[in-house]
Amino acid sequence: MTPAPVIIAIDGRSGAGKTTLAIELAARLRNHHKVSLFHLEDIYPGWNGLAAGVERYVTTVLAPLRRGEPATWISWDWARHYDGDARVTLPAEIVIVEGVGAAAAAARPLLDAVIWADSPDDERRTRALERDGDTYEPYWDQWAAQESELLASDSIREHADVRVLNRADDTAPADVLQALTYLPALATVLVPELSARRGLRLRAERIEGRPDAAALFGSLYGNSANAVWLDSSLVPPAADSAGWEGTPAAERSRFSILADDGGTFGQSVRHRSGTNRITAGSATAEVSGTFFRWLETVWGRKAVRGPEGYPCDFTLGWLGYLGYELKRETGGSDVAADTPDSALIFAGRAVVLDHADGAAWLLALDAPDAADWLAGARAAVTAAGRAATERAAGGNGVVSRAAPAFTSRDTEAGYKRKIVEAQHEITEGNTYEVCLTTTLTADVPADGLDPWPTYLALRRRNPAPFASYLRFGGLTVASTSPERFLRIASDGGMRAEPIKGTRRRAADPELDAALRRDLATSLKDRAENIMIVDLLRNDLSHFAEPGSVTVSRLCEIESYATVHQLVSTIDATLLPGSPRAEAVAACFPAGSMTGAPKISTMAILDRLEDGPRGVYSGAIGYFSLNGATDLAVAIRTLVIQSDGSDDWAADGGQAIGGDTDGNATGAKGGRRARLSLGVGGAITADSAPQEEYEEIRTKAFGVLSALGSEFPGS
């Protein structure tokens, strides 16, 4: 008796391409494994025999194979409409079974993985009849009725580990194989395939120039369903750059990264409440487990090194956001949000703009489609170099029929009451500082506000070192964050830069200077900042080399377009061999968005805020293939959700298009769009409720003013 094989079932309705998918998947797996293939059509006892065929298959084929024994079964003679000869299917390292009912309820306990193949209804009938011709056509309706009866009582699709939209374009087998490598049950047997995925080579080109980033993004990724622009928009014009080089703001603002999930290696992942949904092309795998543990499996090891002379720490990898509700994995309670708890794309190719050196770097993992992409990206960079910023941006206004009317989760009186409750918790000794937040929301017609020009208006009005534009189908995140959450360099250097303490900017220079001095001399704001510095020193120390945690800047003022901020810098060195995803988790969520101590204060916030934060106060950034990460705190962040943009629905939705000049144009998907903007501030024992309320109005001003909106109740 041989060892029990790994058994993979491919199920789906007739005409979904299961047979072809099984044959081509088996061919790919045979590069490294012995593979057996079984087709259920060989065992169904006639055109009315679906249920009986599934029973025969389970008892005479699956059961012995599961035990590692040869399976002897009786075939069906479709020409004679009677039992045929006896056949034997031998166990192998991997057995693939395919056909309608291959993953039926009775079969599932004997299977290691289930693949569900989908295909449009009109294509399914055509495929099936082309394959089986006149033999099948008279029985199509009869067989389809049996399929419907089976699926009505047994939702096989909902139990699938991998789902594939099989469009017969030859992409499904490679996409399915990539998705299968994420399944824990197959991790051991698919070690060769996993090793191949990690053996990556990077191709890179450097192009001199300063292309217009907005025009470039519109040209390259305007039609991509999922795309990310990590946009260091706080870049001064050349005429205004005196004294800029070497400042902390210049360091944070040096690079912009533009990417989507296209190409050979492109993937995306969305996490919600303990389930990771990974999409690779036409295939989607669903894997239970925590997000940070999954992240460690795909990111924690160094797989790619940057090219000679390349100054950025991003060498392709995962980009997107981590939502605040991932706190359930780091000591917080489980709260459900209406957006995914995280959404990332894997970029196997990207453009990195170096604003300091005036260069564009084209990066692509070596693949059959890499040369074509590099050629197209090269042309796009050249064209974007000629584009004028204002023309590419499309004017100064937001494409909106009317300014969105926001409402707040909390009235002014209600928010002030919560401030008093937070201070009571401080008095009781349950916390030292509470970062209390609220959410502003607006509901607008989807064709009344286009996310792309909205973001361009935000970045013009509020340039920030960690600005970003993220699109995941019908979910858009438009952020103008000034705050770094956490950086881990490829060499293990760690840095956090919390912001605590805010004053508005004033048009009058004297008043503006007075506001800056007021922030600099405020004992309360300094105390807020120092408490968070202490918290982050502790967070970093969990995975830092002993004695390496230092505070290199304490309570220094940085001024942005609409606010003055009090900023500190904490540095450390990652302990060699430490799991990098766990080091991120140890600091998540940002202490500047919770208060201190973190875990007990998060519990207080759950009660006071009475609702999820979603993307807001999570993190936005990248996880690079060289082990580096750079994440911003998701503040000053507008989230736009169109109808049907739930992450567990099918892909698709809102995107932007690009004309021949690289100018972005809007494509409105869905009937309504929901806007949300989180705002908050740190509450201490010395806080004055009216001043704290004015602070959240100040923080909301930059985003609201770009939309033409006012703070609710103004």
Side-chain angles (χ1 to χ4, degrees), residues 209-222 224 226-237 244 249-260 312-314 317-321 343-345 347 350-356 358-361 363 377 380-381 384-385 387 389-390 392-394 398 450-472 475-485 487 560-562 615 619-622 624 629-640 656 658 662-664 702-703 706:
R210 300 181 184 274
D212 180 85
L216 182 59
F217 186 84
S219 174
L220 286 175
Y221 306 121
S224 302
N226 301 322
V228 169
W229 177 13
L230 300 183
D231 168 27
S232 296
S233 62
L234 189 64
V235 179
W244 170 260
E251 180 272 326
R252 300 186 204 112
S253 304
R254 180 173 178 178
F255 302 106
S256 293
I257 301 169
L258 301 81
D260 72 355
C312 183
D313 234 355
F314 176 73
W318 298 90
L319 310 96
Y321 78 80
L344 302 171
I345 63 168
V351 178
V352 178
L353 303 181
D354 184 345
H355 302 296
W361 286 84
L363 307 179
V381 168
T389 301
E390 286 303 312
V398 175
D450 191 322
W452 175 240
T454 297
Y455 174 67
L456 295 180
L458 286 174
R459 77 187 290 265
R460 282 191 300 274
R461 192 173 189 92
N462 307 291
F466 294 108
S468 57
Y469 178 79
L470 319 178
R471 185 175 61 248
F472 296 94
L475 172 65
T476 300
V477 179
S479 179
T480 56
S481 174
E483 181 175 357
R484 172 177 275 148
F485 161 48
R487 176 187 176 187
Y560 296 91
T562 59
V615 179
I620 297 172
Y622 68 74
S624 173
T629 182
D630 203 355
L631 301 167
V633 181
I635 55 176
R636 320 292 197 271
T637 297
L638 182 70
V639 179
I640 307 170
I656 60 169
N663 297 314
V703 174

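In what follows, residues are counted from 1 in the order of the sequence shown.
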Residues which pass side chain to side chain contact (heavy atoms under 4.5 Å, CB included) with A356, listed by chain and number, not counting sequence neighbours: R254, D354
Residues that T480 engages under side chain to side chain donor-acceptor pair (under 3.5 Å), provided they are two or more places apart: none
Within-4.5 Å side-chain heavy-atom neighbours: S256 and H355: yes
Side chain to side chain donor-acceptor pair (under 3.5 Å) partners of S468, counting only residues at least two apart: none
V351 and W361, any side-chain heavy atoms less than 4.5 Å apart: no
Among L344, I345, L631, L230, side chain to side chain contact (heavy atoms under 4.5 Å, CB included) partner for Y622: L230
Qualifying residue for side chain to side chain contact (heavy atoms under 4.5 Å, CB included) with V477, from Y469, Y455, Y321, F472: Y321
N462 side chain near T562 side chain, heavy-atom distance below 4.5 Å: yes
Counterpart residues, salt bridge (Lys or Arg N to Asp or Glu O under 4.0 Å), relative to D231 (two or more places apart): R459
Residues which pass side chain to side chain contact (heavy atoms under 4.5 Å, CB included) with A227, listed by chain and number, not counting sequence neighbours: F217, Y221, S224, D260, R471
Side chain to side chain, L258 and L216, heavy atoms closer than 4.5 Å: yes
All salt bridge (Lys or Arg N to Asp or Glu O under 4.0 Å) counterparts of R252, not counting sequence neighbours: E497, E558
Heavy-atom check, side chain of F466 versus side chain of S479, under 4.5 Å: no
Whether T454 side chain and D450 backbone form a donor-acceptor pair below 3.5 Å: yes
